[in-house]
Amino acid sequence: MDLKFTTETYRDDFSFRNSPEAIRRYPFPFHADSYMYAINMEDHVAGKPGTAYEHPIDVDEHYISEMADRALVLKEDPLRCQALSHMMTAQWDTLELLMIHQSIAYPDLFTLERDKDKCHWINRPLGIDDKFIFGDRSTLPYEPMEYIMRQSQGDFCIVDQRDNSLWMDAGMVTCQADWSLDFDIGMSFMEWHAPVPMAHELGIFDRALKFLMNVQQGRPARRLNWTMTVNPRLDTSPENYHKWGSEKTTVTKENIGAKLHLRCELQSFWRLPRSNALLFPIRQYLISLNDIATIPKWACRMHRVLKTIPDPLAEYKGFSRNRQLAIDFFAPFDNGQETTKGADPE
Amino acid sequence: MAIKSRPIYNGFDLEMPAQRHIFVLEGEGALALLEKVNPSHPMLGQSEILYSPVGSSHEQAIVKLNAANFFTAPSSEILLNRFAAILSTATMSTRLYAAGTEGFIGAAVNVAARYGVKSASIVKEHRGSLRRRVQCVHCKGFNSDITASPFHCEHCKLYLFVRDHFSTRLNAFQGVCVNAEEPHLFPEPVELYQ
């Protein structure tokens with residue numbers, strides 16, 4: 001794949017844009033014309049070339065700009081990256097997993113050379129060339145988790161598995177949809193999902209927990225989640241909500257196509273070999289309504305999904321304020337015909 | 001509906017075997033013990049009771065229990081310091097009991113955690129006020145004794161609502177700016193946690 005990295009911002013002037021290729025490879029989250037919570041887990045196996053699923057750890061045209069935005073967030077708020085002390089083995093597991101997958105999938109961009117515990121890591125897009133000893137944190141400029149997560153797109157949680165639950169014990173969270181790692185760190189699976197409406201009663205979390213605790217090494221799983229975001233802002237954290245919240249009121253009939261974005265999260269789940277912890281990469285993809293409208297099937301489906309989503313869900317996902325405007329935007333694209341199965345653009 | 005991230009306060013059960021029983025009681029939390037225990041209960045001979053009155057007056061009643069050890073602390077902070085000192089030399093087969101407001105129980109749980117005691121093994125009973133300890137998610141400052149939502153963060157002054165989400169580690173609920181989307185609006189506070 002010939003990747004051309006774009007230089008763009010996710011704040012201030014919001015110069016983020018998707019190329020036509022990025023639009024077509026967008027992991028559109030709606031497989032049918034309506035949406036309700038589901039665990040919707042599937043094996044995280046290689047998808048078709050040219051999709052976001054082609055490689056297990058996806059790197060796209062926004063890589064350099066996303067990493068620059070992450071660095072800005074961490075500079076302002078170091079608490080976005082935390083690991084409890086018992087997670088050091090899992091940190092090394094994570095570094096190894098991300099280095100291996102990025103270098104295998106993108107040999108032109110990343111190289112990992114290993115001679116027993118001596119490692120040489122080259123990250124060409126970010127101009128990084130470091131030699132370090134695997135397992136010796138003093139040989140890296142950051143702790144291993146922070147080091148590799150500053151070079152990997154998406155948020156990451158590392159959860160420990162013990163006492164019949166999963167525990168949010170480490171992570172790097174700079175582009176989250178309104179949850180706080182600093183608040184949730186140390187919580188069990190049920191605790192950190194406490195604010196989510198409806199899903200507890202539907203038994204979703206009981207089943208999801210069972211599934212996740214049984215994820216096997218070498219057999220990662222994935223699911224999609226989604227929300228809507230005003231402006232292509234990555235850092236929609238609760239920490240900064242008082243700064244970005246008012247942007248939600250700036251959407252009009254005229255500007256909605258450019259301003260409102262669908263934000264899809266590709267979550268994957270990996271068993272780590274030494275620590276038996278789980279790595280959750282939460283990779284987010286932004287797309288403007290205008291860009292969705294270039295794919296007729298998606299535009300039609302968006303209209304139907306937005307119309308039928310239950311109110312508490314729209315509220316929780318934080319877009320009830322702009323929901324009707326979005327429905328009106330997509331209405332002209334709904335031809336009343338049946339859409340083809342699945343989420344592919346055609 | 002129960003808040004899934006909030007600890008469960010099952011109430012005192014005094015019939016669980018142990019070599020030593022340590023009670024930390026704040027305010028009306030003393031009643032969690034007094035209402036259940038019979039003064040002739042053999043466990044009292046193996047019990048240490050730490051009590052911080054904060055306006056309550058149960059000292060005389062506790063004295064009458066004739067426990068192996070009893071300490072009235074002038075403040076909850078001093079009580080928790082003594083609790084930590086006791087835990088630093090405590091052995092296996094020591095059972096811990098905490099009763100009082102939620103913020104006090106959480107503080108006791110966190111002291112015990114420093115000595116490797118899990119929250120689930122501590123017997124807890126919520127007594128007294130429902131007031132909440134709230135951390136501002138924006139400035140990370142803690143606000144004690146919150147009875148109404150929304151309220152102004154005492155540190156950054158943002159107007160916060162109390163989200164039904166509790167962190168045991170921080171011993172606090174989460175406070176989130178209530179008027180971030182429309183900063184000119186100030187919804188009336190409602191007394192929810194008296």
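Chain naming here is simple, since letters A, B, ... match the order of the sequence lines and numbering starts at 1 in each.
Among B/Lys140, B/Gln135, B/Arg163, the residue with the largest count of heavy-atom pairs under 4.5 Å with chain A is B/Lys140. Options B/Ala172, B/Cys177, B/Ser167 differ in how many heavy-atom pairs under 4.5 Å they form with chain A, and the most are formed by B/Ser167. Across A/Glu247, A/His242, A/Lys248, the residue that shares the most heavy-atom pairs under 4.5 angstrom with chain B is A/His242. Comparing A/Ser180, A/Ala194, A/Ser188 by heavy-atom pairs within less than 4.5 Å of chain B, the highest count is held by A/Ala194.
Panel note: side chain A/Asp163, backbone A/Ser165; no donor-acceptor pair is recorded below 3.5 Å. Distance alone, capped at 3.5 Å, places no donor-acceptor pair between the B/Glu182 side chain and the B/Leu185 backbone. Here the side chain of A/Asn225 pairs no donor or acceptor atom with the backbone of A/Glu265 at under 3.5 angstrom. Between the side chain of A/His261 and the backbone N or O of A/Val230, no donor-acceptor pair lies under 3.5 Å. A distance-only check finds no donor-acceptor pair linking the side chain of A/Asn322 to the backbone of A/Phe319 [under 3.5 Å]. Formation of a donor-acceptor pair under 3.5 Å by the A/Ser275 side chain with backbone atoms of A/Ala277 is found in this model. A donor-acceptor pair under 3.5 Å is formed between the side chain of A/Asp155 and the backbone N or O of A/Cys175. Under the 3.5 Å distance criterion, the side-chain polar atoms of A/Arg70 are matched with a main-chain donor or acceptor of A/Gly154.
Looking at A/Asp184, only its side chain comes within 4.5 Å of chain B, counting heavy atoms on both sides. Both the backbone and the side chain of B/Val137 come within contact range of chain A, each with at least one heavy atom under 4.5 Å from a heavy atom of that chain. Only the backbone of A/Trp192 comes within less than 4.5 Å of a heavy atom in chain B; its side chain stays farther off. Proximity to chain B (any heavy atom under 4.5 Å) is shown, for A/Ile185, by both the backbone and the side chain. When heavy atoms are compared at a cutoff of 4.5 Å, B/Phe173 approaches chain A solely by way of its backbone atoms N, CA, C and O. Using a 4.5 Å cut-off between heavy atoms, A/Met187 touches chain B through its side chain atoms alone.
At a threshold of 4.0 Å, the pair A/Arg11-A/Asp69 counts as salt-bridged, since one of the basic side-chain nitrogens sits closer than that to a carboxylate oxygen. The pair A/Arg162-A/Asp169 counts as a salt bridge, with a side-chain nitrogen and a carboxylate oxygen less than 4.0 angstrom apart. Under 4.0 Å is where a charged nitrogen must lie from a carboxylate oxygen, and between B/Glu48 and B/Arg20 at least one such pair does.
Heavy-atom proximity under 4.5 angstrom to chain A picks out B/Lys118 from residues 106-128 of chain B.
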